[in-house]
**Student:** 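Take this structure first; my questions come after.
Numbers restart at 1 for each chain; the letters A, B, ... are given by sequence-line order, proteins then strands.
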4 protein chains.
Amino acid sequence: MRKKFTEKQIHILDIAEELIAKKGYEGTSVRDICSKANINVAMISYYFGSKEKMMSYLYQYRVLKTRENFSEFADTIKEGKPEMQMKEIIKYIVSQLFKYNYFHGFVTQELRHTENLKDELLDFYQLFVKKLDEVIKKGVASGVFTFTPKPEDILTTIIGSTLFVIRNKNFYELYVPNKNEETYVKEAEKKVRMNLLLSVFAILGYAAD
Amino acid sequence: MRKKFTEKQIHILDIAEELIAKKGYEGTSVRDICSKANINVAMISYYFGSKEKMMSYLYQYRVLKTRENFSEFADTIKEGKPEMQMKEIIKYIVSQLFKYNYFHGFVTQELRHTENLKDELLDFYQLFVKKLDEVIKKGVASGVFTFTPKPEDILTTIIGSTLFVIRNKNFYELYVPNKNEETYVKEAEKKVRMNLLLSVFAILGYAAD
Amino acid sequence: MRKKFTEKQIHILDIAEELIAKKGYEGTSVRDICSKANINVAMISYYFGSKEKMMSYLYQYRVLKTRENFSEFADTIKEGKPEMQMKEIIKYIVSQLFKYNYFHGFVTQELRHTENLKDELLDFYQLFVKKLDEVIKKGVASGVFTFTPKPEDILTTIIGSTLFVIRNKNFYELYVPNKNEETYVKEAEKKVRMNLLLSVFAILGYAAD
Amino acid sequence: MRKKFTEKQIHILDIAEELIAKKGYEGTSVRDICSKANINVAMISYYFGSKEKMMSYLYQYRVLKTRENFSEFADTIKEGKPEMQMKEIIKYIVSQLFKYNYFHGFVTQELRHTENLKDELLDFYQLFVKKLDEVIKKGVASGVFTFTPKPEDILTTIIGSTLFVIRNKNFYELYVPNKNEETYVKEAEKKVRMNLLLSVFAILGYAAD
DNA sequence: AATGAATGAGCGTTCATTCAT
DNA sequence: CATGAATGAACGCTCATTCAT
């Protein structure tokens, strides 16, 4: 059920995503979205069929974009050494979660409304697992990694830790040096990335020389 | 503003928590809760003043219980060696999150409704950070730990990873051997706990003999 | 359907009257009344059967008292000259309306709820009409009054003017010299009384010598 | 905050006014109004924002119309003799109160809901007082009136008496010859008008030749 | 292709009243 | 005799959606 969206539709989806990530699906009324998007209240039903279908389209749209993005990324690290690849994967996941935190925010919160779509996200996660598995095995084979942790556990740690930081801003900011609103996000991202690098490479038994 | 609750009120809170964790605050109507609790629609206003106040009471009630529970737990590990203490802390946090996943589910999702109460959760997290800090320092001092990672990062990894597993059941269950509905939860909890033990001890540079 | 009331019941009726006169029948909840009377919410149904029946009892109670009161008053002027009697009647009606403005306030506002009871008020008004008729005829017979206006019109003017003043406080107070909250009511009562005396005696063609 | 209303809105306001005058603001539910107006329950909120705001608009609308109406009337009597002017004013006020008795019914009963709007009614009453004052003074100057009663007292008598008659139908109808429902109202209006003419001209010491 | 008016269902809450004690 | 817990109906209002244009 792929669909091409007009500019106007994408505009609506952007605003819907932001509001829903902030206030939840039920907490966000069609009127809220339309008012912020400067369109008529009837437009969401008109364009997408219903509020719920709009959610599906929004989800599809983002997953599609994300997959394309990941595809490109995967290409860029194809040639590197395992330790570099692992580092880049961590960096990529963390930055993507921070960048599209709106999306990832509502994915876990609001996916109950689009139960059948979860599969697409699942496929996407498995893509990561597969990639991590490759890298780990290659690293172990080449001797730079000592241990063989489960790739799904590595992914769990990376995504889980990052989302926790994003969602518990007022906890984590206690430990981030620069609390300036502008720079906080960057500092937080950096801190969680460093933590994950340390963590993951420790599990891998990475012997830096 | 502590409050004693009757059995009936606790019954309502239990059901409310479950539904809200599943379907969100706005997604759960007073009628849903009352219908499942076999009580009159007016009772929530009658007992708690309003739906919103019920949320506050629910939150208070759980945080209070959780703090008391943690207090007891902290006593039981007071005497042990750092490595044992760390192991027990991880085990404790993971098991608590699994046990009260309803609560932790709505805490991160629905806290916007009880903004002023967030501080209590913050205090609670800081309790953990403090405890972790003690254990890490003691372990480093006694030589069983080699490195000194930040306690807030350790906590982030533990809670983040566990919550991710809880909330992405149909991802994680792909990697859990026994998919029997009854045993799955236990297996999943065991798997994430093992992962975290490995992970945390690796970061600490724990030298097992 | 006469009824004897206990002190507690009278206490409730007093409070109910005040609140209903202020905020209307529907605007006053049973809870409001019970809360102000420091009694249980169930008491009004318990004592009076229902909120509506309470209204009936309240109405009966006040009309009864008022009739008794008027009876006494009628005795005191029995012996006087017509012009004195007329003066006293005006003074009496005005002062009673001011004194029991709570009651008269809700009588005209809330009588829609006790349609069948209007007869009692009607009887009461007719008592006044009869008395006024007597006085007018006596005065005409004795030559102190020149004209024979209809007694129901005299009553209409007296009650209508007084109630208008009571209910349009912020209009009439513009023309009352002393606006001090304490003395205003007395001044207003005095002013409307003087107006009515002038008015009624003018209609009667009273020739003061 | 003046507002133009559509025909549909005016239709709703008419029905709302009638019901509220009869049963009070709290006694009249939004459902009552909508049911009688054959519209959806949501329409009152949709058109006016809320039930309470509807009251304000209704009030504004009627006061505005009434002021315009009075303005026109004032023009028509500009040229006449004082005694003719006085007669016309009485006739006008009485007929207006009878015509718009719904409005005047709820104005005194329900103005607690639109506290801040009372001033507009006050202004309106003062317009009458001013006009009466002019007429009285002119009459006294030209010698047709002997006395100088206070204009606010004249207004009080006129409005008070008329409203009393309107609100105590089953009292006054005892004295109105033709009790036929159709003609009663006209007869009652006539009777109270005659009474007021007599009354007011007597107070003015009008010397008819 | 797009709108604004209008709808019916459902929301959280309050109501007068009843019930068990 | 009196209470406080509990009820079902109704409240004003907002919702996502549909309809007529």
Side-chain angles (χ1 to χ4, degrees), chain A residues 6 8-9 12 16 25-35 38-55 113, chain B residues 6-9 12 25-35 37-55 113, chain C residues 6 8-9 16 25-35 38-55 113, chain D residues 6-9 12 25-35 37-55:
Chain A
T6 66
K8 212 164 206 173
Q9 286 173 317
I12 296 171
Y25 177 76
E26 284 92 355
T28 304
S29 76
V30 167
R31 269 168 184 75
D32 288 344
I33 297 166
C34 292
S35 158
N38 269 336
I39 54 162
N40 187 276
V41 278
M43 295 310 292
I44 281 179
S45 287
Y46 179 67
Y47 276 138
F48 303 107
S50 73
K51 187 188 178 189
E52 192 130 18
K53 276 179 191 153
M54 183 203 67
M55 274 291 275
H113 303 291
Chain B
T6 65
E7 260 189 47
K8 221 157 210 171
Q9 286 174 316
I12 297 171
Y25 176 78
E26 285 94 354
T28 305
S29 76
V30 166
R31 276 167 182 80
D32 288 343
I33 298 166
C34 292
S35 156
N38 266 341
I39 52 163
N40 188 275
V41 277
M43 295 315 291
I44 280 180
S45 286
Y46 178 68
Y47 278 139
F48 304 107
S50 71
K51 187 189 179 188
E52 192 133 18
K53 277 179 190 153
M54 183 202 66
M55 273 292 274
H113 301 291
Chain C
T6 67
K8 211 163 203 174
Q9 287 173 316
Y25 176 77
E26 282 91 356
T28 305
S29 76
V30 167
R31 270 169 182 75
D32 287 344
I33 298 167
C34 292
S35 157
N38 269 334
I39 53 163
N40 188 276
V41 278
M43 295 310 291
I44 281 180
S45 287
Y46 180 67
Y47 277 138
F48 304 107
S50 73
K51 187 189 179 188
E52 192 132 16
K53 277 179 191 155
M54 183 203 67
M55 274 291 275
H113 303 291
Chain D
T6 67
E7 259 189 49
K8 221 155 209 173
Q9 285 174 316
I12 297 171
Y25 176 78
E26 284 95 353
T28 305
S29 76
V30 166
R31 276 167 181 81
D32 287 343
I33 298 167
C34 292
S35 157
N38 267 340
I39 53 162
N40 189 276
V41 277
M43 294 315 290
I44 280 182
S45 287
Y46 178 67
Y47 278 138
F48 305 106
S50 70
K51 187 190 178 188
E52 193 134 16
K53 276 180 191 153
M54 183 202 66
M55 273 291 274

**Student:** Run the side chain to side chain contact (heavy atoms under 4.5 Å, CB included) check on Met43(B) and Val30(B) step by step: do they pass?
**Tutor:** CA-CA 9 Å; Met43(B) 295 315 291; Val30(B) 166; over 6 Å; no

**Student:** Looking at Arg31(D) and dA10(F), is any side-chain donor or acceptor paired with a base atom of the opposite kind under 3.5 Å?
**Tutor:** no

**Student:** Could you tell me the separation between the CD1 atom of Ile12(B) and the CG atom of Asn38(B), rounded to the nearest 0.5 Å?
**Tutor:** 11.0 Å

**Student:** Do the non-hydrogen side-chain atoms of Cys34(A) and Ile44(A) ever get within less than 4.5 Å of each other?
**Tutor:** yes

**Student:** Are Lys53(C) and Tyr47(C) in a cation-pi setup, meaning NZ or CZ lies under 6.0 angstrom from the ring centre and within 45 degrees of the ring axis?
**Tutor:** no

**Student:** Measure from NZ on Lys8(C) to C1' on dT3(F) and round the result to the nearest Å.
**Tutor:** 11 Å

**Student:** Please tell me which of Ile44(A) and Ser45(D) maps to the more 5' nucleotide of DNA chain F, matching each residue to the nucleotide holding its nearest heavy atom.
**Tutor:** Ser45(D)

**Student:** Rounded to whole Å, please give me the gap between CE in Met43(B) and P in dG12(E).
**Tutor:** 16 Å

**Student:** Answer yes or no: is there a donor N or O on one side and an acceptor on the other, between the side chain of Tyr25(C) and the main chain of Glu52(C), under 3.5 Å?
**Tutor:** yes

**Student:** Just the rounded figure in Å: distance from P of dA5(E) to CD of Glu7(D).
**Tutor:** 15 Å

**Student:** Identify which nucleotide among dT13(E), dC13(F), dC15(E) has an atom closest to any side-chain atom of Val30(B), counting heavy atoms from C-beta outward.
**Tutor:** dT13(E)

**Student:** Tell which nucleotide pairs with dG8(E), taking only Watson-Crick or G-U wobble pairs whose two distances are both under 3.5 angstrom.
**Tutor:** dC15(F)

**Student:** Would you kindly give the CG-to-C1' distance between Asn38(D) and dT7(E), to the nearest whole Å?
**Tutor:** 14 Å

**Student:** Could you give the CD-to-C1' distance, from Glu52(A) to dT17(F), as a whole number of Å?
**Tutor:** 13 Å

**Student:** Would you please confirm or rule out a distance under 4.0 Å between OP1 or OP2 of dG8(E) and any side-chain N or O of Asn40(D)?
**Tutor:** yes

**Student:** Atom CD of Gln9(D) and atom P of dA5(E): how far apart are they, to the nearest Å?
**Tutor:** 9 Å

**Student:** For Thr6(D), report the nucleic acid contact type (base, sugar-phosphate, nothing); a contact means any heavy atom under 4.0 Å.
**Tutor:** nothing

**Student:** Counting heavy atoms from C-beta on, name the nucleotide in dT3(F), dA9(F), dT17(F) closest to the side chain of Val41(A).
**Tutor:** dT17(F)

**Student:** Give me the atom names and distance for the closest heavy-atom approach of Glu26(B) to Lys51(B).
**Tutor:** CA-NZ, 4.2 Å

**Student:** With both distances under 3.5 angstrom, what nucleotide forms a Watson-Crick or G-U wobble pair with dT3(F)?
**Tutor:** dA20(E)

**Student:** Measure from the side-chain heavy atoms of Ala42(B) and tell me the nearest of dT17(F), dC15(E), dG12(E).
**Tutor:** dC15(E)

**Student:** Looking at dA16(F), I'd like to know if its phosphate oxygens (OP1 or OP2) sit under 4.0 Å from a side-chain N or O belonging to Ser50(A).
**Tutor:** no

**Student:** Would you say Tyr47(A) reaches dA2(E)'s phosphate, i.e. side-chain N/O to OP1/OP2 under 4.0 Å?
**Tutor:** yes

**Student:** Rounding to an integer number of Å, can you tell me how far Ile12(A) CD1 sits from dA16(F) P?
**Tutor:** 14 Å

**Student:** For Ile39(D) and for Lys51(B), find the nucleotide of DNA chain E with the closest heavy atom, then tell me which residue's nucleotide is more 5'.
**Tutor:** Ile39(D)

**Student:** Side chain of Tyr46(B) only, heavy atoms from C-beta on: which candidate in dT13(E), dA1(E), dA5(F) is closest?
**Tutor:** dA5(F)

**Student:** In this structure, how many angstroms lie between the C1' atom of dC11(F) and the CD atom of Glu26(C), rounded?
**Tutor:** 13 Å

**Student:** What's the closest nucleotide to the side chain of Ser29(D) if the choices are dA16(E), dC11(F), dT3(F)?
**Tutor:** dC11(F)

